[in-house]
Amino acid sequence: MESHWRATDSTYTFHNGSTIEFFSADNDSKLRGARRDVLYMNECNNMTMHSYTELVSRTKKSVFLDWNPVAPFWFHEELQHDDDVDFLIVNYLDNEACPDSALKFILKAKEKALTSKYWENWYNVYGLGLIGNLEGVIFENWSQIDSVPSSAKLVGRGMDFGYTNDPTTMIDVYMIDGTYIFDEVMYQTGLTNPEIARLFKSKGLNQSVYTFADSAEPKSIQELKNAGMKIRGAEKGKDSILFGIQKMQEVDFKVTANSVNLIKELRNYTWMIDKQGDKMNRPVDAFNHCIDAIRYYFQTKDKFTGSYVGTSV
């Protein structure tokens, strides 16, 4: 009944006194506000893990989440395998009330999926409820392997500096049979330069190759060099981000299974979208700390190849 709806605070109250409240997860006061019996988070993959924890900690009974699986997110990493979590995949085949117009569109997409990579991804996500890729994802030229093969050759290393909010990242770059392999060896916030050097040594990382790091931090590079690391500042210039992305797109590469943060970034690193919904020639500045480390390697490797590895890459 319309009289039960209060538009001022977006609540609907039933005859028995139960209330449903609707609010946006970007409202901090609601995240830390009143407690509830049941929580329902719609399209929770567009919300942060922080929003989830704030809301769940104030929920007494049950929590329900839904999303379109355009890419893995915090649920898959943090919740899916918990003993008290039930995970169900439902799609249009389970929906007896699916409108004829929607069903027609989905079946049309199914046919297009036979010859189109775009529609194949769309149908997998929105038709079958399977994990796909984000629209506009930048890198699709990679696959996952269990570990670095023993015969692979270490050819370089990339590094991106962080501290409070952003992590310091380090990626080892290997080659085997002309294919690149990336292996995440560092991803951590709050590291000082002496701590980076100690962590580097404690991991026993191979010092036969250079680490190419963000040249915007020459002081950090010099301090790590003084601590014994073989390190150089990465080459930068106009459009260096796009140049590095292009170099990474030109090759097929593999990523080790333990490189969990790099894998997450590759699945979520996308082009910016304009108001008309078209892709722009500029990446979203997010999910890029490991990728930036790899970019620094690709932007610089050709200038120093002969001086640090005995192969042409």
Side-chain angles (χ1 to χ4, degrees), residues 45 49 69-83 85 87 89 117 120-121 124-125 128-134 137-160 167-189 191 196 199-212 244-245 247-270 287-298 301 308-313:
N45 56 322
M49 182 69 180
V70 291
F73 66 109
W74 46 262
F75 170 83
H76 300 92
E77 299 169 9
E78 304 292 342
L79 304 177
Q80 182 173 353
H81 302 294
D82 288 357
D83 293 337
V85 171
F87 176 51
I89 297 177
K117 190 170 184 178
E120 179 184 9
N121 182 65
N124 282 338
V125 173
L128 300 180
L130 303 177
I131 293 178
N133 295 317
L134 286 174
V137 70
I138 293 175
F139 297 109
E140 298 184 75
N141 53 323
W142 64 280
S143 58
Q144 185 175 316
I145 58 174
D146 291 336
S147 59
V148 178
S150 59
S151 57
K153 180 179 179 63
L154 181 68
V155 296
R157 183 175 290 120
M159 180 179 180
D160 189 33
T168 294
T169 61
M170 189 177 291
I171 308 294
D172 276 352
V173 182
Y174 292 83
M175 285 200 77
I176 183 171
D177 298 329
T179 299
Y180 283 98
I181 299 173
F182 302 141
D183 185 44
E184 178 185 317
V185 295
M186 192 178 300
Y187 188 98
Q188 190 171 331
T189 57
L191 291 177
I196 292 172
L199 187 57
F200 184 92
K201 293 176 181 177
S202 70
K203 288 177 175 288
L205 298 179
N206 191 321
Q207 274 275 52
S208 66
V209 298
Y210 272 105
T211 296
F212 295 134
I245 289 174
K247 288 297 182 182
M248 290 178 64
Q249 289 177 324
E250 289 174 352
V251 299
D252 291 331
F253 57 87
K254 299 184 183 298
V255 180
T256 58
N258 67 279
S259 303
V260 292
N261 296 292
L262 173 56
I263 290 171
K264 180 178 180 179
E265 290 187 5
L266 290 169
R267 287 171 171 167
N268 289 275
Y269 193 45
T270 59
F287 298 103
N288 55 0
H289 305 298
C290 294
I291 290 172
D292 283 349
I294 298 172
R295 261 199 316 106
Y296 297 145
Y297 167 79
F298 274 90
K301 69 180 182 66
Y308 73 97
V309 293
T311 185
S312 177
V313 295

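Taking every heavy atom of both residues into account, V137 and L266 meet most closely at CG2-O, 3.4 Å. Nearest heavy atoms, Y296 versus M159: CD1-O, 3.1 Å. For the pair I245 and I138, the tightest heavy-atom approach, listed with the atom from each and the gap, is CG2-CG2, 3.7 Å. Counting all heavy atoms, side chain and backbone alike, Y187 lies closest to P167 at CZ-CG, 3.5 Å. Contact between I181 and A152 at its shortest, heavy atoms only, is CD1-CB, 4.3 Å. Shown here for M248 and N141, the closest heavy-atom pair between the two residues is O-ND2, 2.8 Å.
Here the side chain of T169 pairs a donor or acceptor atom with the backbone of H289 at under 3.5 angstrom. Within the 3.5 Å criterion, the main-chain N or O of A293 finds no donor-acceptor partner in the side chain of R157.
Every ring pair (Phe, Tyr, Trp, His ring centres under 6.0 Å) that F298 has, sequence neighbours left out, goes to Y180. Residues passing the side chain to side chain contact (heavy atoms under 4.5 Å, CB included) test with V85, sequence neighbours excluded: F75, D82. Under the side chain to side chain donor-acceptor pair (under 3.5 Å) criterion, N261 pairs with E184, not counting sequence neighbours. Judged as a side chain to side chain donor-acceptor pair (under 3.5 Å), and not counting sequence neighbours, the contacts of D292 are R295. Partners of F73 according to the ring pair (Phe, Tyr, Trp, His ring centres under 6.0 Å) rule, which considers only residues two or more places apart in sequence or in another chain, are W67, H76.
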Derivation and outcome, side-chain contact (heavy atoms from CB on, under 4.5 Å), residues K301 and V173: CA-CA 11 Å; K301 69 180 182 66; V173 182; over 6 Å; no
Derivation and outcome, side-chain contact (heavy atoms from CB on, under 4.5 Å), residues E77 and K264: CA-CA 10 Å; E77 299 169 9; K264 180 178 180 179; 3.3 Å; yes
Trace of the side-chain contact (heavy atoms from CB on, under 4.5 Å) decision for T168 with T189: CA-CA 6 Å; T168 294; T189 57; over 6 Å; no
side-chain contact (heavy atoms from CB on, under 4.5 Å) evaluation trace for I171 with V185: CA-CA 6 Å; I171 308 294; V185 295; over 6 Å; no
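For the atom pair T211 OG1 and M170 CE, the distance stands at 5.0 Å (nearest 0.5 Å). Between the CZ atom in F139 and the CG atom in L262 there is a gap of 9.5 Å [rounded to 0.5 Å].
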Indicate every side-chain donor-acceptor pair of residues 250-257 with a distance under 3.5 Å to a residue at least two apart or in another chain.
| unit_1 | atom_1 | unit_2 | atom_2 | d |
| --- | --- | --- | --- | --- |
| E250 | OE2 | Q246 | NE2 | 3.3 |
| K254 | NZ | S143 | OG | 3.3 |
| T256 | OG1 | D183 | OD1 | 2.6 |
| T256 | OG1 | N258 | OD1 | 3.0 |
| T256 | OG1 | S259 | OG | 2.6 |

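For D177 and T179, the side-chain atoms include no donor-acceptor pair closer than 3.5 Å.
Contact of the D172 side chain with the F182 side chain is not registered, since no non-hydrogen atoms from C-beta on lie closer than 4.5 Å. Between F200 and Q207, the closest side-chain pair of non-hydrogen atoms falls below 4.5 Å. For the pair I196 and Q188, the minimum side-chain heavy-atom distance is 4.5 Å or more. Counting heavy atoms from C-beta outward, V155 and Y297 have side chains that approach closer than 4.5 Å.
The only option from I131, L130, V70 that meets the side chain to side chain contact (heavy atoms under 4.5 Å, CB included) definition with N124 turns out to be L130.
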